[in-house]
Amino acid sequence: MTEKRTINQAGFDRFLACLDTDRERAGHEYERIRGRLLLYFQCRDIVQAEDCADESINRVIQKLEAGEELRDPVQYVFGVARMVLLETTRRQARHQEVDEETLVSAPQPEDDEGLRPRLDCLRRCLQRLTPEKRELITQYYQEEKRAKINLRQQLAQRLGVDLNTLRVRACRLRDALQACVEKCVAEQGKM
């Protein structure tokens with residue numbers, strides 16, 4: 001993200017007042033909006049989803065501090081979020097181009113001997129999972145771009161969970177698999 005914008009308490013209070021006259025309900029609405037923003041950015045594979053969600057809200061608060069009136073603050077926040085998304089995807093694309101150029105120009109290893117033990121360990125660790133968990137993790141990381149999003153939505157529907165729950169389950173499984181692979185590789189190195 002660009003430089004972190006700081007907001008003051010008065011600006012935040014003004015934003016809450018736009019959401020609801022009752023401070024407690026306004027707080028709940030704020031949390032709901034922020035949660036939806038996180039999901040909005042995560043579903044679009046934005047790595048810094050939390051930063052983008054906060055940036056979107058901060059920009060709206062700055063508009064309020066500048067005297068702008070909001071008829072529909074939720075719609076306005078998501079309009080700002082679309083702009084933040086465009087900026088972020090452009091920035092990520094530029095970084096990806098640089099990374100791909102670096103990868104292409106980097107010397108390639110002569111053989112995959114270092115990779116082979118990790119792959120063997122990954123296969124063993126995957127076999128230790130229940131069939132349901134193995135299916136979840138392998139399907140979660142299949143496909144690219146829009147096809148990946150569609151596949152994840154179908155997977156969440158089939159499991160009867162929302163996308164956020166699916167994301168958390170996949171993340172926990174991935175972390176467990178990574179720990180298993182690291183342990184396996186370390187044990188092989190001792191032999």
Side-chain angles (χ1 to χ4, degrees), residues 1-103 139-175:
M1 293 293 337
T2 56
E3 83 279 352
K4 275 279 195 191
R5 299 173 197 243
T6 57
I7 57 168
N8 61 34
Q9 187 63 45
F12 186 70
D13 290 342
R14 193 172 292 124
F15 179 64
L16 289 179
C18 282
L19 298 177
D20 199 300
T21 54
D22 179 80
R23 181 121 174 135
E24 189 171 328
R25 284 194 310 253
H28 290 297
E29 181 65 8
Y30 167 80
E31 288 298 323
R32 189 181 72 78
I33 290 169
R34 189 170 185 282
R36 285 179 54 201
L37 283 170
L38 280 172
L39 189 59
Y40 174 79
F41 289 111
Q42 289 169 343
C43 286
R44 285 152 182 85
D45 288 329
I46 300 298
V47 178
Q48 322 92 332
E50 286 198 30
D51 290 342
C52 289
D54 292 338
E55 178 66 15
S56 299
I57 292 171
N58 289 351
R59 288 184 187 185
V60 172
I61 291 171
Q62 287 179 331
K63 289 288 189 181
L64 284 169
E65 289 178 323
E68 188 147 341
E69 295 291 322
L70 305 181
R71 284 184 285 155
D72 186 350
V74 176
Q75 185 176 356
Y76 193 89
V77 168
F78 278 90
V80 170
R82 280 192 291 280
M83 294 299 115
V84 171
L85 176 66
L86 285 172
E87 294 169 15
T88 304
T89 52
R90 283 187 199 125
R91 198 169 26 261
Q92 282 183 348
R94 281 196 305 272
H95 288 299
Q96 186 176 359
E97 287 171 11
V98 171
D99 290 346
E100 287 173 359
E101 289 173 12
T102 305
L103 183 62
Q139 286 189 359
Y140 188 81
Y141 288 103
Q142 286 181 2
E143 301 297 337
E144 302 249 347
K145 298 184 182 183
R146 187 70 205 168
K148 180 182 358 180
I149 293 169
N150 292 339
L151 184 66
R152 288 179 180 179
Q153 288 172 339
Q154 292 168 0
L155 184 59
Q157 276 184 331
R158 196 168 61 241
L159 295 173
V161 298
D162 61 24
L163 281 171
N164 225 15
T165 303
L166 178 66
R167 194 173 290 109
V168 169
R169 286 182 185 177
C171 184
R172 287 180 180 158
L173 269 173
R174 185 189 66 218
D175 290 346

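Since this is a predicted model, take the numbers as computed values, not measurements. All residue numbers in this chain count up from 1 along the given sequence.
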Peer 1: Which atom names give the shortest non-hydrogen contact between Leu155 and Gln139, and what distance separates them?
Peer 2: CD1-OE1, 3.4 Å
Peer 1: For Leu70, give me all partners under side-chain contact (heavy atoms from CB on, under 4.5 Å), at least two apart in sequence or on another chain.
Peer 2: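 Scan of Leu70 (side-chain contact (heavy atoms from CB on, under 4.5 Å), adjacent residues dropped) gives Val60, Leu64, Glu68, Pro73, Tyr76.
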Peer 1: Can you see which heavy atom on Ala26 is nearest to which on Leu16, and at what distance?
Peer 2: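 So the minimum-distance heavy-atom pair works out to CB-O, 3.2 Å.
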Peer 1: Listed by chain and number, what are the side-chain hydrogen bond (donor to acceptor under 3.5 Å, both in side chains) partners of Arg34, not counting sequence neighbours?
Peer 2: Asp54
Peer 1: Can you list the residues that meet the salt bridge (Lys or Arg N to Asp or Glu O under 4.0 Å) rule with Asp162, with sequence neighbours excluded?
Peer 2: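 Not a single residue meets the salt bridge (Lys or Arg N to Asp or Glu O under 4.0 Å) criterion with Asp162.
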Peer 1: Taking all heavy atoms of Gln142 and all of Lys148, pick out the closest pair and write down the distance.
Peer 2: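 What the structure gives for the nearest pair is O-CG, 3.6 Å.
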Peer 1: Mind checking what makes side-chain hydrogen bond (donor to acceptor under 3.5 Å, both in side chains) contact with Arg169, not counting sequence neighbours?
Peer 2: none
Peer 1: Is it true that atom CD of Glu69 has more than 12 heavy atoms of other residues, nucleotides or ligands lying nearer than 6.0 Å?
Peer 2: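 Incorrect, the count does not exceed 12.
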Peer 1: List the steps and the verdict of salt bridge (charged side-chain N to carboxylate O under 4.0 Å, His left out) for Glu55 and Arg59.
Peer 2: CA-CA 6 Å; Glu55 178 66 15; Arg59 288 184 187 185; 2.8 Å; yes
Peer 1: Sequence neighbours left out, what passes side-chain contact (heavy atoms from CB on, under 4.5 Å) with Ala81? Give chain and number order.
Peer 2: Leu37, Tyr40, Phe41, Ser56
Peer 1: Only counting residues at least two apart or in another chain, list the ones meeting ring-ring contact (aromatic ring centres under 6.0 Å, His included) with Phe12.
Peer 2: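 Applying ring-ring contact (aromatic ring centres under 6.0 Å, His included) to Phe12 gives Tyr30.
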Peer 1: Among all residues two or more places apart in sequence or in another chain, which pass the side-chain contact (heavy atoms from CB on, under 4.5 Å) test with Arg146?
Peer 2: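 In terms of side-chain contact (heavy atoms from CB on, under 4.5 Å), with neighbours along the sequence ignored, Arg146 is linked to Ile149, Asn150, Gln153.
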Peer 1: Among all residues two or more places apart in sequence or in another chain, which pass the side-chain contact (heavy atoms from CB on, under 4.5 Å) test with Gln75?
Peer 2: Asp72
Peer 1: Rounded at 0.5 Å granularity, tell me how far CZ in Phe15 sits from NZ in Lys63.
Peer 2: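 Output value for this atom pair is 14.5 Å.
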Peer 1: Taking only residues two or more places apart in sequence, or in another chain, which ones meet Asp22 in a salt bridge (Lys or Arg N to Asp or Glu O under 4.0 Å)?
Peer 2: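 Not a single residue meets the salt bridge (Lys or Arg N to Asp or Glu O under 4.0 Å) criterion with Asp22.
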Peer 1: Can you name the side-chain hydrogen bond (donor to acceptor under 3.5 Å, both in side chains) partners of Glu31, sequence neighbours left out?
Peer 2: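 By the side-chain hydrogen bond (donor to acceptor under 3.5 Å, both in side chains) rule, Glu31 matches no residue at all.
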Peer 1: Could you measure the distance from the CZ atom of Arg152 to the OH atom of Tyr141? Nearest 0.5 Å is fine.
Peer 2: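 OH of Tyr141 is found 6.5 Å from CZ of Arg152.
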Peer 1: Would you please name every residue forming a salt bridge (Lys or Arg N to Asp or Glu O under 4.0 Å) with Arg14, sequence neighbours left out?
Peer 2: none
Peer 1: Mind checking what makes salt bridge (Lys or Arg N to Asp or Glu O under 4.0 Å) contact with Arg172, not counting sequence neighbours?
Peer 2: none
